[in-house]
Amino acid sequence: MYRLIIVSIFFVMLSFQTFGQGKSANVSVKWGPEIEVSKKAWFKRIVGFDGTGVYATQGEKKGLTIFNQGVNLERYSNRLILSKSVELDLKSEKKKRQLEFIIQLDGRMYVFSSYMDQKIKRNFLFVQPVNKRTLVLEGELKKIAEIDYEGNTKYNAGYFNYKLGRDSTKLLIYYDLPYDKGESEKFGFHVFDEKFDQIWEKKVVLPYKEEFFSIEDYEVDGNGNVHVLGLIWPEKREKETDVSLRNSLDRRHQILSYSNMGNELIEYPIDLDGKFLTEMQIAINDEQDVICGGLYSTEGTRNIEGSYFVKIDGKTKEIESREFKAFGIDFITQDLSDRKVSKAKRKSSKGKSVDLLEYVLDDLVLRKDGGAVLIGEQYSLDKISSSDARGFSSTINRYEFNDIIVVSMSPNGEIEWMEKVAKRQVTRHSSKSSSYALSIVNDKLHFFFNENPKNLAAKKEGKFYFFRPESSVLVLVTLDKEGKQTKEALFAAEDVGVVILPSSCRQIAENKMLLVGFKEQNIRLAKITFNK
């Protein structure tokens, strides 16, 4: 037995060393071994990290349906070897709670779980710390919020979510409150400090019917103020489809800021000289200013013509600056074929609009110098239906994740530069290997995504090839503070035995990124260290 253990350790170390050498001059890559998982299990997400390793959750199907699941909390060592896996015990007094989320705060990890009591029509949220050595819940199970859904079914009992402040000293728990069709939109806030002591809480009823108001995002600042980004829909479009509403020229963005322990409300309707704002993100800087960034169109479609930034002063509560800038024809035609470039320029010369198609905003990143960077990605989902000779129909999803756009704002609110990162990703059934992972190091943006190796060679007439996950290469595209772009290949999927899943990857230190790879029933982790 002893000899077997020594041999096993030898092969683990050999695997780690064999794949541990990256070829890049800018980053080093260290691989852990392949880890086999059950056919009923799947990697969920990275939930924490410290000097001893990385913590993640893994789901496991327990019954015949996806609704009967267990969740394991796992620790991976600094060598990226699975060192411990424990199923979270969410039972107390014979009552099974539902895992909501796990947060790492001030070096500790906390599990948030909920329990719906259908007899008294209450949905409760609890928090409990985790022992990082044993991965077992310990200490007090503390109730921190509850939803009263009296008069409603469990399917309209509200749901919990959270947002952590920029400096991690404030935690916002928010939730929709149950409503009937035609009623005003209702939701609740609980704001806590880093010890989970409640600072304030409030139930809010908006002067908008729920059919005509949707919440896009929440933020909490260092003073405990809550900022809500919402969309107001016109009543005359009530009978329209969701797609029509999204593209309605009459809808508008609105920011609702709750300050003074939630007792003071300021509403900011965001309007830019008649521009149709298709997308928006908000962030709170260190001075508690609200920064808004987004995309606009003049035609009320998903096609976008430019970008904008709005800055709201945190002290005066006034709009301090607003700036919008159209995408130039050179930016729009970047990385297109010569034929498409000529067609777009002819259209532009005739005074016709030349737009970008179907971009969705992912993030608004605040820089250390007071500036900001807006990041979006071209995305579409098509449902393709077909019927066989027997008349049986089926539907598959076709996911398309293409170019990334980056827009930089200076500290005084001016748009400095715009850049486009070219990529083409089309998959069916699953989108896990598509899109990108982002790491930010010293104001440099590092994008990781799977790429067709043919696109690494010199492009002929701007042609790009779509990728196949199993034969892809992982590339790193870096944008510096001035928008200068560099691109390099790190490794091929077939060489490392797994395909990287961008949505599961996470930055775990100021200069380190953790990559998660998966193939069949094998998981493999890699640690990226940025050399400069």
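The first residue in the sequence is number 1, and the count goes up from there.
- We find the CD-CD1 distance between E216 and I255 to be 11.5 Å, quoted to the nearest 0.5 Å.
- Looking at heavy atoms from C-beta onward, V86 lies out of side-chain contact with N72 at the 4.5 angstrom threshold.
- With a 4.5 Å cut-off on side-chain heavy atoms, D117 and F124 count as touching.
- L361 places a side-chain heavy atom less than 4.5 Å from the side chain of L374.
- For the pair A372 and L364, the tightest heavy-atom approach, listed with the atom from each and the gap, is CB-CD1, 4.1 Å.
- Closest approach of E138 and N131 over heavy atoms only: OE1-ND2, 3.2 Å.
- More than 12 non-hydrogen atoms from other residues, nucleotides or ligands lie less than 6.0 angstrom from NZ of K142.
- No side-chain donor-acceptor contact under 3.5 Å links K163 to the backbone of D217.
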**Study point:** Steps toward side-chain hydrogen bond (donor to acceptor under 3.5 Å, both in side chains) verdict (N123, Y115)
**Key:** CA-CA 6 Å; N123 192 4; Y115 173 72; over 6 Å; no

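- Taken from OG in S259 to CG in D221, the straight-line distance is 9.0 Å, to the nearest 0.5 Å.
- Side-chain atoms of V191 and Q198, non-hydrogen and from C-beta on, never get closer than 4.5 Å to each other.
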Point to revise | side-chain hydrogen bond (donor to acceptor under 3.5 Å, both in side chains) assessment of N402 paired with E400 | key: CA-CA 6 Å; N402 292 331; E400 190 163 345; 2.6 Å; yes

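- Other residues, nucleotides and ligands contribute over 12 non-hydrogen atoms within 6.0 Å of the CZ atom of F101.
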Practice item. Report the C-alpha separation of K383 and N397 in whole Å, then their side-chain angles, then the decisive distance to 0.1 Å, and conclude whether the side-chain hydrogen bond (donor to acceptor under 3.5 Å, both in side chains) test is met. Key: CA-CA 5 Å; K383 294 185 178 293; N397 291 332; 2.9 Å; yes

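- Looking at I215 and L229, their side chains never come closer than 4.5 Å, going by heavy atoms from C-beta outward.
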Exercise for review: Go through the steps for E320 and R322 under the test salt bridge (charged side-chain N to carboxylate O under 4.0 Å, His left out), then give the verdict.
Suggested key: CA-CA 7 Å; E320 181 179 312; R322 60 182 75 199; over 6 Å; no

Review point. Going through the distances and angles, do Q128 and E140 end up as a side chain to side chain contact (heavy atoms under 4.5 Å, CB included)?
Key: CA-CA 6 Å; Q128 191 171 10; E140 175 190 5; over 6 Å; no

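- Contact detail for C292 and M280: the closest heavy-atom pair is CB-SD, 4.2 Å.
- We find the OG1-CG distance between T278 and L295 to be 4.5 Å, quoted to the nearest 0.5 Å.
- Between the side chain of Q507 and the main chain of I440, a donor-acceptor pair closer than 3.5 Å is present.
- A salt bridge does not link D289 with K315: none of the charged nitrogens is closer than 4.0 Å to a carboxylate oxygen.
- By the salt bridge (charged side-chain N to carboxylate O under 4.0 Å, His left out) test, K186 is found to be paired with E183, residues two or more places apart in sequence or in another chain being considered.
- When every heavy atom of S408 is checked against every heavy atom of R367, the shortest pair comes out as OG-NH1, 2.7 Å.
- With hydrogens and angles ignored, the 3.5 Å screen pairs a side-chain donor or acceptor of D369 with a backbone N or O of G371.
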Review point. Passes side chain to side chain contact (heavy atoms under 4.5 Å, CB included), S435 versus E377? Steps please.
Key: CA-CA 8 Å; S435 196; E377 183 179 30; 2.9 Å; yes

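- Among all heavy-atom pairs drawn from R97 and F126, the shortest one is CD-CD1, 3.8 Å.
- With E318 contributing its side chain and I312 its backbone, the two residues share no donor-acceptor pair below 3.5 Å.
- Without hydrogens or angle criteria, D50 side chain to G53 main chain gives a donor-acceptor distance under 3.5 Å.
- In summary, the aromatic rings of F187 and F189 are positioned with their centroids under 6.0 Å apart.
- Between the side chains of S114 and E100, a donor-acceptor pair is found at a separation under 3.5 Å.
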Point to revise | Residue pair V373, L366: steps toward the side chain to side chain contact (heavy atoms under 4.5 Å, CB included) verdict | key: CA-CA 6 Å; V373 177; L366 300 182; over 6 Å; no

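- The ring-ring contact (aromatic ring centres under 6.0 Å, His included) with H190 is formed by just one residue from the set Y175, Y174, Y218, Y162; it is Y175.
- Contact detail for F530 and S439: the closest heavy-atom pair is CE1-OG, 3.5 Å.
- In this structure, Y110 and R108 have side chains that are in contact, with non-hydrogen atoms separated by less than 4.5 Å.
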Practice item. Might you work through the side chain to side chain contact (heavy atoms under 4.5 Å, CB included) test for T478 and Q485, ending with a clear yes or no? Key: CA-CA 6 Å; T478 299; Q485 183 178 151; over 6 Å; no

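- For the atom pair NZ (K423) and CG (D403), the distance works out to 8.0 Å, reported to the nearest 0.5 Å.
- With hydrogens and angles ignored, the 3.5 Å screen pairs a side-chain donor or acceptor of W200 with a backbone N or O of G224.
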Exercise for review: Would you sort out whether D106 and K195 count as a salt bridge (charged side-chain N to carboxylate O under 4.0 Å, His left out), showing the intermediate values?
Suggested key: CA-CA 9 Å; D106 196 25; K195 296 180 180 179; over 6 Å; no

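- Formation of a donor-acceptor pair under 3.5 Å by the D167 side chain with backbone atoms of T169 is found in this model.
- No side-chain heavy atom of K325 sits under 4.5 Å from any side-chain heavy atom of Y308.
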Point to revise | Stepwise side-chain hydrogen bond (donor to acceptor under 3.5 Å, both in side chains) test for Q254 and E267 | key: CA-CA 7 Å; Q254 185 110 337; E267 299 186 56; 2.7 Å; yes

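- N263 has its side chain out of reach of Y258: every pair of non-hydrogen atoms, C-beta onward, lies at least 4.5 Å apart.
- Using cut-offs of 30° and 60° on the angle between ring planes, the pair F112 and F196 is perpendicular.
- From Q378, atom CD reaches atom CZ of R424 across 7.0 Å, with rounding to the nearest 0.5 Å.
- The local environment of NZ in K432 is sparse, with at most 12 non-hydrogen atoms from other residues, nucleotides or ligands closer than 6.0 Å.
- For the atom pair CD1 of I284 and CZ of R166, the computed distance is 10.0 Å after rounding to the nearest 0.5 Å.
- When each of Y436, Y399, F401 is tested with Y379 by the rule ring-ring contact (aromatic ring centres under 6.0 Å, His included), just one qualifies, namely F401.
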